[in-house]
Amino acid sequence: MNEAAPNIVAGFDVERARRDFPALAQEVNGAPLVYLDNAATTQKPQCVIDALSQYYARDNSNVHRGAHALSDRATVAFEDARKKVQAFINAKSSSEILWTRGTTESINLVASSYARSVLTAGDKVLVSAMEHHSNIVPWQMVAQTCGAEVIAIPVSADGELDMQAYENLLDERVKIVAVGHVSNALGTVNPVEKVISLAHAAGAKVLIDGAQGVPHFAVDVQALDCDFYAFSGHKMYGPTGIGVLYGKADILNAMPPYQGGGEMIKTVSFAGTTYNELPYKFEAGTPNIGGAIGLAAAVDYLSGFDRSAVAAYESDLLAYTHQRAANFEGLQRVGCARQIAGAFSFLLAGAHPSDIGMLLDQQGVAVRTGDHCAQPIMKQFGIPGTARASFALYNTRDDVDRFFAALEKAKTFLM
Ligand code: PLP
């Protein structure tokens, strides 16, 4: 195998990138690690690890209003991180960047604050049938409290959004459309530009779940014209426990606060409390300062590459995986959309996905198995789950070859 093995593709040197990730240079169960669980969380480059450790070793302090040098340093680094994220997704203002714990909390914030304040009985929230549970359940929780409905946009057997059915569903009762940029379960890249423009024409606001989008390609929230965009630091080479909600300033300004506490207020009295300005109105309590600084290091790291070269490299790797899968007896791909990024979901005839995962792990190959927090689409496909190999910029054709070799060996135990 590996005939054409392009490790340097159009300006991206994967071998060089691999050296930035210390976790990749280890053996697992006696074999060099092949890490293919990146849709769950990516490994971290040394610069992110260093940024976290330097913050805690030198600058650790609470942010804002501190009367000392360490607090000043922490505050500057924390707010610089926000500006880096603003530039990274091309938001108009850094006050449109809210720190959260991750995609899940970002969506819960919009559901609890925005949706709760606009939805009334009979209103509708549209989500796609392939969404992650975190882009379904928060809407259901709010809808239940106000008599609104959460409706699934149908998805085809190939794993593509049915855009005609979507258009048919859009009427004046649809107040919110929430769709993933890229499906974590199937890898489908959704036509979000079209989703957004159609929703806007129907008078609805749009949230894009970008958890699997930002790690794989450059995102421009102004060009997309989405109202909200949510993502997690840990899926884009940053730390866990930190994420982002982008929202258009006029919408965020009109929204009630999400949580109450310190930092989100201007004045507090028993006669009545007034709220802080953006973004602090939505950031009650001590934030994840180290996490934000670590995420900024991940943004710097990613921005140091030609992102379209990285995207071309990753898509070549996925095409190579599909090519090898086509010749692998008994393997069935789950999700065959025309545009795919990051994830390769599959089944092996006669084998339970969790057995595949275990047998691959014994050979040093890390994948994920199960429903991938996307039970509705698994149910539609009539399967309990899949095995999923998911890619990051540091994966190689050699990883793909080792994955298929391990799968071949696993097959001998499974069939
Ligand atoms: N949305 C998608 C598409 C995801 O893949 C994930 C995590 O796998 C999430 C949301 C939730 O992300 P987090 O657990 O970081 O909040």
Side-chain angles (χ1 to χ4, degrees), residues 35-44 48 85 98-112 125 127-141 150 152-153 155 159-161 177-192 195 206-217 219 226 228-246 258 287-288 291-292 294-295 298 314 334-335 337 339-345 366-378 385-392:
Y35 188 79
L36 296 175
D37 193 18
N38 296 288
T41 201
T42 56
Q43 296 303 336
K44 316 305 171 201
V48 168
V85 170
L98 313 183
W99 298 119
T100 64
R101 283 191 297 126
T103 309
T104 303
E105 190 178 42
S106 296
I107 298 172
N108 273 278
L109 190 164
V110 178
S112 296
V125 178
V127 301
S128 91
M130 69 179 111
E131 293 310 306
H132 189 282
H133 298 159
S134 62
N135 199 20
I136 300 174
V137 183
W139 308 113
Q140 288 177 325
M141 288 164 64
V150 178
I153 307 163
V155 167
E160 293 193 347
L161 263 189
V177 175
V179 166
H181 207 156
V182 177
S183 155
N184 66 306
L186 310 176
T188 307
V189 181
N190 284 314
V192 289
V195 168
V206 185
L207 177 139
I208 300 298
D209 171 351
Q212 305 293 344
V214 281
H216 298 295
F217 40 73
V219 167
C226 53
F228 301 101
Y229 195 97
F231 59 100
S232 301
H234 69 101
K235 293 181 195 288
M236 49 163 286
Y237 313 102
T240 50
I242 187 76
V244 171
L245 174 68
Y246 157 81
Y258 168 51
N288 183 352
L295 178 53
E314 287 188 21
V334 179
Q339 257 206 299
I340 290 208
F344 167 65
S345 244
V367 298
R368 184 150 293 246
T369 62
D371 61 32
H372 312 297
C373 295
Q375 286 180 13
I377 196 66
M378 296 297 146
T386 71
R388 181 189 70 189
S390 56
F391 298 94

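First listed ligand is number 1; within each ligand, the first listed atom is number 1.
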Donor-acceptor pair, distance only, cut-off 3.5 Å: does the side chain of Asn190 make one with the backbone of Gly180?
yes
Between His181 and Phe231 (judged by ring centroids, cut-off 6.0 Å), do the two rings come close enough to count as a pair?
no
Among all protein heavy atoms, pick the one closest to atom 1 (N) of ligand 1 and tell me residue, atom and distance.
Asp209 OD2, 2.5 Å
Does at least one non-hydrogen atom of His372 fall below 4.0 angstrom from an atom of ligand 1?
no
Closest contact, heavy atoms only, Asn135 versus Val179
ND2-N, 3.6 Å
With side chains defined as the heavy atoms from C-beta onward, is the minimum distance between His216 and Val189 less than 4.5 Å?
no
Quick check on His234 - does any of its heavy atoms sit under 4.0 Å from an atom of ligand 1?
yes
Quick one: does Ser232's side chain have a donor or acceptor within less than 3.5 Å of a partner on Lys235's backbone?
no
What protein heavy atom sits nearest atom 5 (O) of ligand 1, and how far off is it?
Gln212 NE2, 2.7 Å
When you measure from atom 8 (O) of ligand 1 to every protein heavy atom, which one gives the shortest distance, and what is it?
Lys235 NZ, 2.6 Å
Within less than 4.0 angstrom of ligand 1, does Ser134 place any heavy atom?
yes
Write out the residue and atom name of the closest protein heavy atom to atom 16 (O) of ligand 1, then the distance separating them to 0.1 Å.
Thr104 OG1, 2.6 Å
Contact between Asn135 and ligand 1, counting heavy atoms under 4.0 Å?
no
Indicate the atoms forming the closest heavy-atom contact of Gln212 with Ala39, along with that distance.
NE2-O, 2.9 Å
